[in-house]
Number of protein chains: 2
Amino acid sequence: MAQPSPGSPRARGSYAKGIAMRQEILDSAIEVFAQRGAGRTSLRAIAEEVGVTHAALIHHFGTLEQLLVEVYSESARRLEREHPVPGGVSPVERMRLSAERNHGVPGMVQLYTSLVATALEVGHPAATAFATERFAQARAALTEQVRDAQASGRIRRDLDAGQVAALVIAASDGLQTQWLLDPGVDQVGALAMLDRLLTDRAAEGDAG
Amino acid sequence: MAQPSPGSPRARGSYAKGIAMRQEILDSAIEVFAQRGAGRTSLRAIAEEVGVTHAALIHHFGTLEQLLVEVYSESARRLEREHPVPGGVSPVERMRLSAERNHGVPGMVQLYTSLVATALEVGHPAATAFATERFAQARAALTEQVRDAQASGRIRRDLDAGQVAALVIAASDGLQTQWLLDPGVDQVGALAMLDRLLTDRAAEGDAG
DNA sequence: GTCTATAGGGCGATAGAC
DNA sequence: GTCTATCGCCCTATAGAC
């Protein structure tokens, strides 16, 4: 599957082999995360799973942190490819579906949370760059959707789209954390409430 | 200050000395966190600051994780004692002020985020218990304040108080993270917007 | 380019002496 | 109650084989 056929880009020499190994490493790393969780995952554990030494991982990815970033990014890419979030839903619902999808992959939410926590520490450029860009992209994409929803009257027009996007992402992430620690927390209900608050004429229609 | 005077409970022998040492360890640990950040803090670094070996810390706190939990709890306790959050403000504003206050202590937000991330991993009972209880207490306290605000008409009565509490905590935590990674994120503005959304007759007063 | 072997320094945790 | 000594593990870096 990862084997390059003749005609694949740059199949000569060991370049293609390196690409294949990278993919194989990421495959195994995702497996290790699913089984052991993000915190207990070490270079040696991943290397053992792949069947190489931990130094080989360093060769391909530089540091453990960069490997972790790529593991998450690859997982997210595959999820989006295999189970794309359907369109035609509200920005809040979109974030909820995305979070629910991530939750189906064992260890993925833990890895994400761990990377974000690491990103807040100084001296962790890989995690910091990952988290910063991930939030920036998420905000940019969601801001556009909020603007569309505002244009078609599904979200109040008096709200700043960028602030709504940041708020929705924050609420989704934060509620997921609370729900993971206490399943009694009504994550879905709270997000639905936020969705309602962002909608026009919510006060008129629901308030006593 | 932490020195037990005659008449203090159980001043005999080395019991009181152990209590004083615990406080001294926590003092130094808070210092180390302020200077080195949460991620780079090790038992040996704290021990060096205190002037003991890392084995002594294990003796008093059991594990690094438990020490970290106590460091955060003690910092939070001192903050609340020395700079209590003023009353008479909205639940959202209350969370914002609390977050702003924590932000003044170097390393505190990083430590908190790190503990929450650790809590999501399996096999970390100290961090998990800390985070679970902290969220539960925060939700319970905020839920009461939301109910009060609803009773006096400052928050829409058609909203579930518990859901509002969970949402406000999530928004506060999540926006703080985004703001730390990108100061361009309007954390204050987004929280003010949420405050407005929760208020009765927000739609009438601002829309259009 | 790819990978193994190995070494260096740091970590949390434990056991036992004082 | 605190220490020294030690264990086993970790990440990172480098030298050299293939």
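Chain letters run A, B, ... following the sequence lines, proteins first, then strands; residues in each count from 1. Since we're looking at a predicted model, the values are computed, not measured.
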Taking side-chain hydrogen bond (donor to acceptor under 3.5 Å, both in side chains) as the test, write out the residues that go with B:Gln187, two or more places apart.
-> none
Check salt bridge (Lys or Arg N to Asp or Glu O under 4.0 Å) between B:Glu49 and all other residues, then give those that pass, not counting sequence neighbours.
-> none
Between A:Arg44 and D:dC11, is there a side-chain N or O to OP1/OP2 distance below 4.0 Å?
-> yes
In whole angstroms, the gap separating P of C:dT14 from CG of B:Leu43 amounts to 11 Å
Please report, rounded to the nearest Å, how far the C1' atom of D:dT2 is from the CE atom of B:Met21.
-> 8 Å
Sub-3.5 Å pairs of nitrogen or oxygen atoms, protein against nucleotides 15-17 of chain D:
none

DNA chain D contacts among residues 51-68 of chain B, heavy-atom distance under 4.0 Å | B:Gly51, B:Val52, B:Thr53, B:Ala55, B:Ala56, B:His59, B:His60
B:Gln23 CD to D:dG1 P, straight-line distance once rounded to whole Å = 16 Å
Check step by step if side-chain contact (heavy atoms from CB on, under 4.5 Å) holds for A:Leu26 and A:Phe61.
-> CA-CA 10 Å; A:Leu26 288 178; A:Phe61 296 93; 4.0 Å; yes
Under the side-chain hydrogen bond (donor to acceptor under 3.5 Å, both in side chains) test, which residues partner B:Ser90, sequence neighbours left out?
-> B:Asp195
Going by the ring-ring contact (aromatic ring centres under 6.0 Å, His included) test, which pairs reach into residues 76-125 of chain A, not counting sequence neighbours?
-> A:Tyr72-A:Tyr112, A:His103-A:Trp179
Within residues 107-115 of chain B: residues closer than 4.0 Å to DNA chain C (heavy atoms) = none
Which residues satisfy the ring-ring contact (aromatic ring centres under 6.0 Å, His included) test with B:Phe135, sequence neighbours excluded?
-> none
Residues in ring-ring contact (aromatic ring centres under 6.0 Å, His included) with A:His59, at least two apart?
-> none
Close approaches to DNA chain C from residues 116-124 of chain A, in residue order (heavy atom, under 4.0 Å) | none
Taking atom types as modelled, find out whether A:Arg44 and A:Ser42 have a side-chain donor-acceptor pair closer than 3.5 angstrom.
-> no
Could I get the full list of salt bridge (Lys or Arg N to Asp or Glu O under 4.0 Å) partners for A:Glu48, not counting sequence neighbours?
-> none
Set of residues satisfying side-chain hydrogen bond (donor to acceptor under 3.5 Å, both in side chains) with respect to A:Asn102, sequence neighbours excluded | none
